[in-house]
Amino acid sequence: MNFFEVVRFSLRGLNANKLRSALTMLGILIGVAAVILLVAVGNGSAKTISDRIEALGTNTITVMSAGRGGSSSTALTRDMADALIDPELAPDVKSVSPVVSSSSATMTYEGTDHSVATFVGTTPTWFAASTTPVGRGSAFTSDDVDQGRRVVVIGKTVAEELFPGVDPLDKQVTVGGALFTIVGVLDEKSSTGFNDGNDTAVAPLTAVQQVLTGYGALTSIIVEAANPDKVDAAQAEVSTILNQKLDVSSSSTSTPYRIQNASSLLETQTETADTFTTLLGAVAAISLLVGGIGITNIMLVTVTERTREIGIRKALGAPRRVILTQFLIEATLLSVLGGGLGVAAALIGAQFQIVGVQPVIVPSSIGLAVGVSVAIGLFFGGLPAARAARLRPIDALRYE
Amino acid sequence: MSRPVLQVTDLKKIYGTGEATVHALSGATMTVHRGDYVAIMGSSGSGKSTLMNILGALDIPTSGSYLLDGVDVSRLSDGQLALARNRLIGFIFQAFNLIPRTTAVANVELPLAYAGVKPKERRRRAMEALDVVGLADRAGHEPNQLSGGQQQRVAVARALVTEPALLLADEPTGNLDSKSTDDVLQVFDDLSAAGRTIVIITHEDEVGARAKRLIRLVDGAIVTDVRQSPIHLPPVGAIRRSAGRAVVAGRHSL
């Protein structure tokens with residue numbers, strides 16, 4: 001009796017009970033597909049978050065005022081920003097961009113209004129530090145900042161709203177009663193969160209202060225480190241200088257400013273995403289476990305129900321080994337086919353967005369899910385079959 | 001006379017322990033020679049099924065020796081027992097015991113498959129065996145599409161397809177109506193006439209009367225052992241039938 005014959009016996013056995021075979025496979029399929037797909041969704045969302053954070057620039061530090069009311073003692077000033085450019089005390093700082101922003105600026109062009117979500121006033125270094133390159137036209141210069149010239153670089157959304165089908169360069173728009181000349185349009189930027197990152201306009205710091213925000217506190221200071229590895233060093237230097245400027249004692253635990261570091265933000269977010277993935281994986285593992293219990297149950301029932309058949313086969317002279325092999329192959333075929341179809345279903349499912357996330361398959365999850373389902377099938381299919389094959393034929397025949 | 005097909009000596013089988021001990025067999029001794037047709041009769045509880053299961057190597061005796069075609073069955077390993085069941089014995093059950101949802105011909109092929117016969121040869125021999133029991137035209141039917149008598153005839157075909165030294169039948173007609181009983185018994189008569197060794201268990205006198213030799217079992221021991229017709233001649237039933245219905249007899253030939 002060769003192996004091929006035993007395989008044919010197994011196929012006949014599976015074929016004799018199509019519905020039960022199909023349902024068993026469906027259970028494994030769903031379990032395996034759920035594990036792979038849910039882990040892929042978790043992984044995908046983690047990847048999306050880290051991509052977005054990396055797009056913000058990983059070598060920048062944002063200094064913000066901690067005070068709510070903007071009292072003069074905690075406010076960030078242009079003076080402080082200038083003090084950060086110090087090759088002696090802060091060798092790892094590449095550039096410093098003071099930022100004021102207004103969220104209530106309305107831009108008007110030939111009777112068309114557009115409320116700009118964020119109107120930023122800053123220095124030319126901001127474009128590089130915030131990884132917001134100018135697409136068409138050019139950025140303004142430091143000379144423009146010094147002279148307080150009213151020039152502006154607008155985002156894609158603003159350009160589309162105010163200048164449909166018209167080249168916005170060198171056009172004049174009215175903001176807060178003053179005329180600004182458009183010198184450039186920003187490259188399209190991927191949106192972070194709910195804010196439209198393209199609904200923005202950038203103008204020289206002095207001009208924005210003069211027209212919109214007044215000469216009060218800065219909103220934030222963006223500090224660019226020399227390279228991503230120096231971010232922590234730069235952050236330490238920045239806080240030393242600011243502590244001196246704001247008279248904060250070194251023992252004090254609270255500072256009147258807050259420093260946000262993109263890479264630490266990234267770390268936190270990645271940790272959160274990992275937790276999320278683990279959680280999804282756990283839910284999926286439970287579904288695989290339930291699927292496994294289903295397989296176990298069906299295998300137990302199948303073998304018990306067929307103990308009589310095993311008795312008949314033994315009475316006809318089937319060796320124990322052949323009977324065991326037949327049932328093992330039946331169990332293996334069910335779990336391998338079910339697992340394979342589950343992987344296929346998961347791979348197909350991963351092509352589509354699921355709750356707004358593009359799943360990214362984790363290869364190890366495929367191995368794990370298929371491995372577990374096959375192991376369950378083999379163990380719980382093989383164990384009762386081995387027990388039945390060991391029975392004396394007369395006991396197996398009498399079994400009800 | 002040649003080596004006996006079956007020789008049991010002082011066979012005992014005891015179930016249970018202590019107070020609840022049951023002596024299903026208490027020292028049965030018998031010898032069956034090639035070409036004999038033996039009917040073992042006894043009331044229920046007389047130990048005839050236990051004897052049959054031991055003869056079929058499905059169960060093991062508590063004590064006593066059992067030589068099957070000269071081989072001591074009690075000394076065989078599990079694998080050798082499987083081989084003996086496959087090559088030496090053809091077993092026919094009261095409850096037919098066909099594999100469900102499997103065609104008649106596939107059921108008949110099964111022992112040949114375990115014997116390692118090639119598929120083509122297997123199919124040919126299975127069809128031959130089905131032809132002997134007169135069911136060649138039902139080869140593609142599954143057990144639930146066959147009547148009880150037909151199922152039992154398929155089981156007989158399955159038992160004789162390996163050309164075993166010994167055909168054992170445990171109440172083969174117990175679940176059948178009189179018409180089907182007649183069909184199955186005719187097959188046994190023909191097989192005996194063709195020289196097969198048959199041991200049949202029954203509690204019906206009609207069945208026992210057709211055998212060449214009748215053994216009565218009471219409380220696990222053999223009480224009578226009567227030869228009803230000579231071992232080298234066809235059994236009574238076959239003679240009667242061939243005299244009366246010679247035309248039909250031509251259909252069954254081994």
Side-chain angles (χ1 to χ4, degrees), chain A residues 1-24 298 301-327 329-330 385-400, chain B residues 13 15 24 49-61 77-103 106-119 122 142-144 155 158-162 164 168 170:
Chain A
M1 181 116 199
N2 61 28
F3 185 72
F4 179 68
E5 291 275 355
V6 186
V7 173
R8 267 188 32 191
F9 272 14
S10 311
L11 285 175
R12 203 175 288 162
L14 292 180
N15 206 31
N17 227 319
K18 291 188 191 70
L19 184 64
R20 185 166 61 194
S21 305
L23 284 177
T24 312
I298 288 171
V301 169
T302 304
V303 173
T304 310
E305 189 186 281
R306 290 169 69 182
T307 300
R308 212 178 141 78
E309 182 190 323
I310 291 175
I312 300 172
R313 287 176 184 277
K314 287 203 83 170
L316 295 178
R320 185 194 297 176
R321 177 182 49 80
V322 171
I323 288 175
L324 191 57
T325 316
Q326 178 189 337
F327 278 86
I329 290 174
E330 281 187 24
R387 207 181 50 202
R390 248 199 322 274
L391 283 177
R392 243 182 275 156
I394 192 64
D395 295 328
L397 276 171
R398 282 196 192 127
Y399 197 93
E400 289 300 335
Chain B
K13 178 73 181 180
Y15 291 112
S49 281
T50 305
L51 178 61
M52 190 54 108
N53 290 333
I54 292 171
L55 294 183
L58 302 180
D59 206 351
I60 48 168
S77 70
D78 195 73
Q80 287 170 316
L81 267 179
L83 208 64
R85 283 195 284 264
N86 187 247
R87 302 287 163 84
L88 300 177
I89 302 167
F91 211 107
I92 299 149
F93 301 90
Q94 179 175 2
F96 323 139
N97 278 350
L98 297 178
I99 308 270
R101 289 180 290 264
T102 308
T103 58
N107 260 293
V108 177
E109 276 183 12
L110 205 57
L112 291 177
Y114 289 127
V117 178
K118 293 267 182 303
R122 211 156 70 195
E142 294 183 359
N144 57 6
R158 185 177 66 182
L160 62 86
V161 74
T162 53
L168 290 172
D170 185 359

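Protein chains get the first letters and strands the later ones, always in sequence-line order, with residue 1 at the start of each.
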Undergrad: Suppose the criterion is salt bridge (charged side-chain N to carboxylate O under 4.0 Å, His left out): which pairs have a residue in residues 109-119 of chain B, not counting sequence neighbours?
TA: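 The answer is B/Glu109-B/Arg122, B/Glu109-B/Arg123.
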Undergrad: Can you tell me how far CG of B/Asp59 sits from CG of A/Asp395, rounded to the nearest 0.5 angstrom?
TA: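 Output value for this atom pair is 7.0 Å.
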Undergrad: Name the region of B/Asn97, side chain, backbone, both or neither, that has any atom closer than 4.5 Å to a heavy atom of chain A.
TA: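 Both parts, backbone and side chain.
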Undergrad: Side chains of A/Arg392 and B/Asp78: does their closest heavy-atom pair fall under 4.5 Å?
TA: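 SC-SC contact between A/Arg392 and B/Asp78 ruled out.
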Undergrad: Quick check: closest heavy atoms across A/Gly317 and B/Tyr114, and the distance to 0.1 Å?
TA: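 So the minimum-distance heavy-atom pair works out to O-CB, 3.9 Å.
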Undergrad: State, without any angle test, whether B/Arg101 and A/Asn15 hold a side-chain donor-acceptor pair at a distance under 3.5 Å.
TA: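 No pair is found: no donor N or O on one side chain lies under 3.5 Å from an acceptor on the other.
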Undergrad: Do B/Leu110 and A/Phe9 have side-chain heavy atoms sitting under 4.5 Å apart?
TA: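 Yes; the side chains approach each other to less than 4.5 Å.
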Undergrad: So which atom in B/Leu58 and which in A/Leu397 form the shortest heavy-atom distance, rounded to 0.1 Å?
TA: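 Closest approach of B/Leu58 to A/Leu397, heavy atoms only: CD1-CD1, 4.2 Å.
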Undergrad: Considering only heavy atoms, which portion of A/Arg306 lies under 4.5 Å from any heavy atom of chain B: side chain, backbone, both, or neither?
TA: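 Neither part, no heavy atoms under 4.5 Å.
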Undergrad: Not counting sequence neighbours, which residues clear side chain to side chain donor-acceptor pair (under 3.5 Å) with B/Arg85? List them please.
TA: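 B/Arg85 satisfies side chain to side chain donor-acceptor pair (under 3.5 Å) with no residue once adjacent residues are dropped.
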Undergrad: May I ask you to test the B/Arg158-A/Ile312 pair for a side-chain heavy-atom distance under 4.5 Å?
TA: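 SC-SC contact between B/Arg158 and A/Ile312 confirmed.
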Undergrad: Return the option, out of B/Ala57, B/Ala82, B/Ala84, B/Gly56, with the maximum number of heavy-atom pairs under 4.5 Å with chain A.
TA: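 The candidate making the most pairs under 4.5 Å is B/Ala82.
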Undergrad: Contact part of A/Arg390 toward chain B, heavy-atom cut-off under 4.5 Å: side chain, backbone, both or neither?
TA: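 Nothing of A/Arg390, per the 4.5 Å heavy-atom cut-off to chain B.
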Undergrad: Which bit of B/Leu98 is near chain A, if near means a heavy-atom gap under 4.5 Å: side chain, backbone, both or neither?
TA: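 Just the backbone, heavy atoms under 4.5 Å.
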Undergrad: Counting only N and O atoms by type, is there a donor-acceptor contact under 3.5 Å from the side chain of B/Asn86 to the main-chain atoms of A/Leu316?
TA: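 Here the side-chain-to-backbone pair exists.
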Undergrad: So, do B/Ile99 and A/Arg12 sit near enough that their side-chain heavy atoms are less than 4.5 Å apart?
TA: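 Sidechains of A/Arg12 and B/Ile99: no contact.
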